[in-house]
Every structure is written in C-alpha cells, then in structure tokens.
Amino acid sequence: MFPTLICGFAVRFLQSLAQAAPFILTGFFVAAIFRRFIGYEKTRQLFGGSELSGLFKAWLLGMLLPVCSLGVIPVVVELRRAGVKGGTILAFAMSAPLFNPLSLLYGLTLSEPIAILSFAGCSLVIVTLVGMIWDRIFPDSELTSITDESVHYGIRRMVALGTSAGKEATGRSLPLIMWGLVGVGLLGAVIPHASLQHHFNYDQPLAPIKMALLGIPVYATPMLAMSQMGMMFQHANSIGAAFVLLVLGAGMNIGLIVWMVQEYGAKRSTVWMSMLLVVVVSLAYAVNKPLFPKDIQPANHTHAFDIYGQPFSGESSFASLTNQSIEKLKRDIMPHEWYSTELLALLIFAGAIVRLMDRRGRLESWIAQVPQAAERGRLDLVVPPAVLGGVALMGLVIFSVVGCYAYYPAAPDVFEEMRIANSEALSAGLSGDVTHADYWIDVYQEWTRKLEVGKFLRTGRVTDFQHWKARLVREQLEMLKHAVEDGEKEESKKWVSKVYRSHSRMRKAFLSDSAGPD
Amino acid sequence: MRLLMPLVISALLLSCLSGCGSSEHTNGGDDDHLEHFVPAHKPANFSRAVEEIRHRAEHLTAHAVHGHDDEPAEFQELLDIVNWLPELTADSDLNEADWNTASTAAQSIAEKLGKRRTADGSLSLQELPSAIVTEMQTLQALVSAAGKPEPAMHHGHDHNEHDHHHHEHEPKTP
C-alpha cells in the first residue's frame with residue numbers, strides 16, 4: 001500500500017515538474033521583466049483602463065504569453081506587487097494557462113474548429129463576468145503605496161533581470177509552485193489506477209461536476225489539456241467535462257488557490273471560487289450538447305485521465321516500484337523538459353547564492369544607482385526600460401508564434417518523423433508488446449495532428465479529404481491499441497494491415513500537392 | 001490558518017474522487033468494460049455501403065404502401081449509412097476529386113432523405129430509389145476506382161474478458 005502511494009506521488013510530482021519547468025522558467029523571467037523593465041506604474045497602465053477593458057487586456061495578454069498554471073504564479077505575484085486590481089489579476093491567472101499559440105492551433109484539429117473557438121470565447125466570458133462581479137463586490141482590492149523597482153540603462157538592467165528571476169525562484173513563488181505540484185502528486189497517490197475511465201462518458205449527467213472537483217488539484221500544461229480534450233473528442237465523451245477540464249485543469253491548481261487565500265483572505269477567495277465554479281459548470285452544461293461531435297460513435301470510456309491516477313496497478317515491492325518509476329520517468333520526460341528542469345534548478349541555485357551572498361542588499365543598491373551621465377554619440381540612444389520590457393514581452397509572443405512552425409513541421413518532414421512512430425507502433429502491434437504499443441501509438445497519433453496543423457499553417461487550409469485521412473489513421477490506431485491490450489493477436493494483425501494501408505493513403509493525400517519529396 | 005481552506009478543499013476532493021473511483025471500480029458491472037461501439041448496420045467498406053443504400057431504399061419503398069413498425073428505425077439506419085459515406089470513401093483508394101464527388105452525392109442523398117421526414121416524424125417513402133437515382137449512379141461509378149474493398153472488422157470492442165485496467169493509457173505531452 002505505502003510503496004504504491006509513495007511511488008504514485010513521486011512519479012506524478014516529478015512528471016508534472018518536468019512538464020511545467022519550461023513554463024515556470026518563462027514565468028520567472030516574465031515577472032522580472034514586469035518588475036525591472038516595464039515597472040509597476042506602466043504595468044498598472046497596461047492592465048488598466050475601464051473595468052471591462054482591463055479584464056479584456058488581461059485575457060488577451062494571458063492568451064498570448066506561453067505560461068501554464070504553475071508558470072503564471074510568479075507573474076501574478078508580480079502583478080499583485082505592482083498594484084493591479086484583484087479581478088484583473090485573477091482573470092489573467094485564469095486565462096494565461098488555458099491557451100497559447102501552439103495549443104490553440106492543436107485544438108483546431110479536434111472535432112470541428114468551432115468547438116475550440118467556442119471554448120476560447122467561453123473563457124473570455126468567464127474571466128470577464130467573474131472578474132467584474134468580484135471587483136464590484138470587493139472594490140479597492142489592489143495594493144497601494146508601491147515603490148517602483150524598474151532600473152536604469154546599462155549592465156544594471158541585465159543583472160537586475162537575472163537577480164530578480166533568481167530571487168523570485170527562491171522566494172514567494174517557489175512554495176506556491178510546490179503546493180501546485182503536491183496537489184497533482186496527491187492525486188497520483190490516492191486515486192486508484194485507471195479508475196477515472198468511466199466517469200466522463202457522454203451519457204453521464206454529472207460528468208462536468210465531477211470534472212470540476214477533479215480539475216482544481218489537477219495540473220495540465222496547455223498542450224496536455226488540449227491533448228486530453230483530443231482524446232475526449234475522439235471518444236465522444238462529455239464535452240461539458242472537456243470544457244471544465246480546460247478551464248480548471250489547465251487554469252487552476254492548489255498553488256494558485258493558496259496564493260489567492262494568502263493575498264485576499266478566505267472570504268474573498270471563497271466568493272471567487274464559488275462564482276467561478278457556478279459560471280464554469282453552467283457554461284459546461286450549455287455547450288455539452290451543441291458542441292457534441294455528431295459523426296463519432298461514443299465510447300464508454302476515456303483514457304485522458306489515466307495520467308492523474310496511480311501510475312502502477314497492483315501491489316509490488318518498494319524496490320520494484322522504484323525501478324518501474326525510474327523507467328517510466330526516463331521514458332515519459334522529453335529531452336526539452338530535462339533541459340528546462342536543469343535550467344530551473346540552476347536558477348534556483350543562483351537565486352539562493354545571491355540571497356546568501358547579498359544579505360546586506362549591496363547588489364540591490366548598486367542596481368538602483370542612477371548611472372553617471374556620459375557623453376554619447378548621436379546614435380547611442382538610451383532605450384527606456386519600458387520599451388525594452390515591451391519589446392521583450394512582444395518578442396516572447398512572436399517567438400511562440402514562430403515556434404509554431406518548428407513545432408508543426410511541413411508535411412514531408414512530418415512523414416520523416418512519423419516513420420519511426422509508424423514502424424514502432426505497428427511492430428509492437430504485431431508482437432503484442434502492450435507498453436511499447438501504447439507509447440508509440442500515442443506518439444503516432446500526435447504526429448497525425450501535427451501533420452494537419454503544419455499543413456494548415458503553411459497553406460491556410462486542410463481539405464476535408466486530408467482531415468478524414470488523418471482521422472482514420474488515429475481511429476484505427478485506437479482500435480489497434482485496444483486489440484493489443486486485449487491480447488487479440490489475429491485482431492491486432494488485421495488492424496496493423498488496416499493502419500498500414502490508411503497511412504499510405506494519408507501520405508498520398510498530404511504529399512500529392514506538396515513541394516516536398518514523396 | 002490561511003492554508004486551512006485549500007487543505008480542507010483538497011482533502012475533500014481527494015476523498016471524494018478516490019471514493020468514487022474505488023467503489024465503481026469494484027462493482028464489476030457492465031460500465032467497467034471499455035468499448036468502442038460500432039453500430040451493427042455500419043457497412044465495412046464503400047462498395048458495401050453503396051449496395052446497402054440501394055437495397056434499403058428499395059426495401060423501404062416496397063413496404064411503404066403497407067407500412068410497418070420498423071419504418072422509422074430502418075429509415076434512420078439508411079440515413080446513418082449515407083452520413084458514413086465520407087468516412088467509408090476516405091477508407092478507400094479514391095483520390096481527392098472522386099472523394100469530393102462521392103461526398104457531394106452523399107450530401108445530396110441526405111438532403112433528399114431529410115425532406116422525406118416531416119416535422120411530426122411521419123415518413124414519405126414512395127419512389128425513394130428513383131429520387132436518388134442520379135446520385136446512386138455517381139456512387140456506383142466510383143466503386144471500381146475505390147480499389148479492393150476493406151475487410152470487415154469486428155463490431156464493438158468489449159474488454160470484458162480481459163483485464164484492461166492493468167494497462168496504462170496516458171496522453172503523451174505533445
């Protein structure tokens with residue numbers, strides 16, 4: 001019992017930490033940009049204006065910045081310090097983790113694009129409505145008498161950016177992020193293995209409410225949430241539950257709730273959460289039927305939430321579970337997640353060193369100094385810090401948009417990458433290796449979605465014919481996965497042949513009008 | 001004290017969720033089986049679908065004079081098959097132009113069938129085959145180009161006999 005709990009907690013905690021690491025790093029640097037470059041006054045202006053416009057800007061900026069619900073924590077901590085209104089900060093905190101350009105594009109391959117666009121529209125309604133009501137009930141929630149900490153030009157700027165990010169990484173935000181990770185770790189320890197497969201079927205009237213309960217402690221990156229929604233659409237599960245998963249699973253975590261309670265108190269936080277739950281669940285029931293995929297035969301299960309339960313079934317010794325956990329983490333954590341985790345560890349270490357070595361605040365005093373005026377050339381302009389901060393934030397947004405092209409390659413490149421997944425998945429299907437088949441079929445299915453998005457990015461359209469070809473491969477892979485798991489060898493062989501043929505047709509459909517080699 | 005509320009909330013949520021999961025998991029009822037339901041009337045391939053549409057349209061018209069209890073269900077099944085045509089056509093060797101032709105024909109049949117059902121649910125099934133004869137000719141002409149018909153796969157996928165829960169399905173972070 002205990003080994004299962006401990007290993008379940010450790011695996012889910014570490015998996016989520018690795019997935020979140022790139023976003024947490026981004027969050028620390030975005031927070032430092034607000035603090036040191038843009039400055040508190042300009043930050044208030046950025047999120048200011050009329051009540052509605054402030055909330056809309058919070059939603060829009062949140063949608064564009066590539067952060068998750070853990071990565072948004074340092075940013076909201078900074079916005080609070082800057083004196084931004086409570087409702088606006090909470091709106092930003094909720095909307096920033098829901099979408100980013102990568103995940104929005106991915107979402108367009110799910111069912112009809114109208115589904116994901118409706119979800120984005122609903123998220124605007126939620127943050128605007130809840131933020132506006134909350135601000136009316138609790139006016140003057142913002143901090144006042146704030147000292148601006150933006151810095152002057154020169155090397156001080158760069159040092160300030162690094163020290164601010166490092167100090168925040170060892171300061172207020174760190175325990176909050178840990179709370180978020182503990183939440184998802186506890187789910188992994190307590191929820192029995194694969195026990196959530198039947199709770200979110202299309203015919204379960206309580207599915208959105210159950211998802212609201214699960215969604216708060218759950219942690220999902222924007223892409224993971226999209227991928228889970230993809231599974232739910234593919235299985236024609238409850239669409240209301242999928243919507244709640246996106247808003248609460250991707251947008252909320254225990255760390256954010258702890259922060260909210262610390263900053264605004266239990267009463268105000270309870271009001272926010274209650275309003276949020278009422279609006280989210282109501283909208284979930286409203287979209288449940290209209291957005292239900294009409295051309296998919298519903299399955300009586302979903303695999304989207306297996307990731308939140310205990311990772312291993314049955315009892316086993318501590319040593320055996322530890323080995324399995326290590327193997328699982330090695331297999332599941334992507335190389336970029338390892339690098340980001342290492343960088344995050346480095347940032348935390350550097351922040352700790354700065355805190356230890358600069359107890360008297362000499363570094364901060366040096367950063368705050370106004371540099372002596374020196375004679376300059378006509379082209380040697382001093383760029384105001386706010387401009388630099390704006391450029392940095394815009395650069396981040398542009399980088400994430402450009403990143404879409406790298407993440408979703410052109411069709412010929414996708415087929416090159418897909419070749420490995422294709423051969424691994426089909427050979428695992430023939431040999432009956434369940435773990436291998438499960439892993440590679442998921443990878444294969446992801447590539448079919450990337451194929452569609454990559455095509456859309458470059459040509460502006462994916463024809464219905466191409467969409468059907470990719471969708472058929474995904475559906476047949478799903479059936480192959482089940483056949484392998486059930487140990488049905490003959491059945492698996494048939495599905496392998498079918499996937500093989502469908503893959504060739506999909507290749508032809510996408511490459512026949514492509515400039516690349518066939 | 002400040003952390004009391006989130007702690008209580010998370011503890012409640014966890015106990016609720018794990019409780020739900022455990023109880024349902026041990027029921028051993030039908031809900032525990034993992035199924036991808038494929039309706040029995042779904043044809044295995046494009047050529048079979050064309051054949052089914054022709055046959056079912058003729059059958060419905062032939063019995064329209066006398067009327068029978070299964071009419072609405074049979075009509076709905078015919079409509080289902082027509083609506084599956086884009087998928088079944090995609091699961092063949094037809095090229096994009098032919099696929100578009102087949103899809104347009106299917107859409108036209110679906111629209112014509114839709115007009116045969118009034119708001120109160122009553123059906124007008126006289127001369128159904130002749131009403132869709134052009135579309136059927138179009139579809140029939142594409143059968144040979146569709147290549148070797150796809151073999152029938154089994155209908156429904158029941159995990160009852162196997163311990164599915166021993167396997168993990170986890171979405172990979174894309």
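For the numbers below, each heavy atom of this structure counts, side chains included, while hydrogens, waters and symmetry mates do not. Just so it is clear, the structure is predicted and the values come from calculations on it, not from any experiment. Order of the sequence lines fixes the chain letters, A, B, ..., with proteins taken first and strands second; residue numbering starts at 1 for each chain.
For a residue to count as touching a neighbouring chain, one of its non-hydrogen atoms must lie under 4.5 Å from one of that chain's; by this rule B:Asn83 does not touch chain A. With a 4.5 Å cut-off on non-hydrogen atoms, A:Arg501 touches chain B through its side chain but not through its backbone. For B:Ser92, the part lying near chain A is the backbone, with the side chain staying farther off; criterion is any non-hydrogen pair under 4.5 Å. Heavy-atom distances place no part of A:Gln445 under 4.5 Å from chain B, backbone and side chain included. Of the two parts of B:Asp93, the backbone and the side chain both hold a non-hydrogen atom closer than 4.5 Å to a non-hydrogen atom of chain A.
Applying the 6.0 Å contact sphere to CD of B:Gln76 captures more than 12 heavy atoms from other residues, nucleotides or ligands. For A:Arg268, the CZ atom sits in a packed shell: over 12 heavy atoms of surrounding residues, nucleotides or ligands are nearer than 6.0 Å. A 6.0 Å sphere centred on NZ of A:Lys493 holds no more than 12 heavy atoms belonging to other residues, nucleotides or ligands.
The two atoms that bring B:Asp91 and A:Leu472 nearest to each other are N-CD1, 3.5 Å, heavy atoms only.
Summarising the geometry, atom NZ belonging to A:Lys469 is positioned 9.0 Å from atom CH2 belonging to B:Trp99; distances are rounded to the nearest 0.5 Å.
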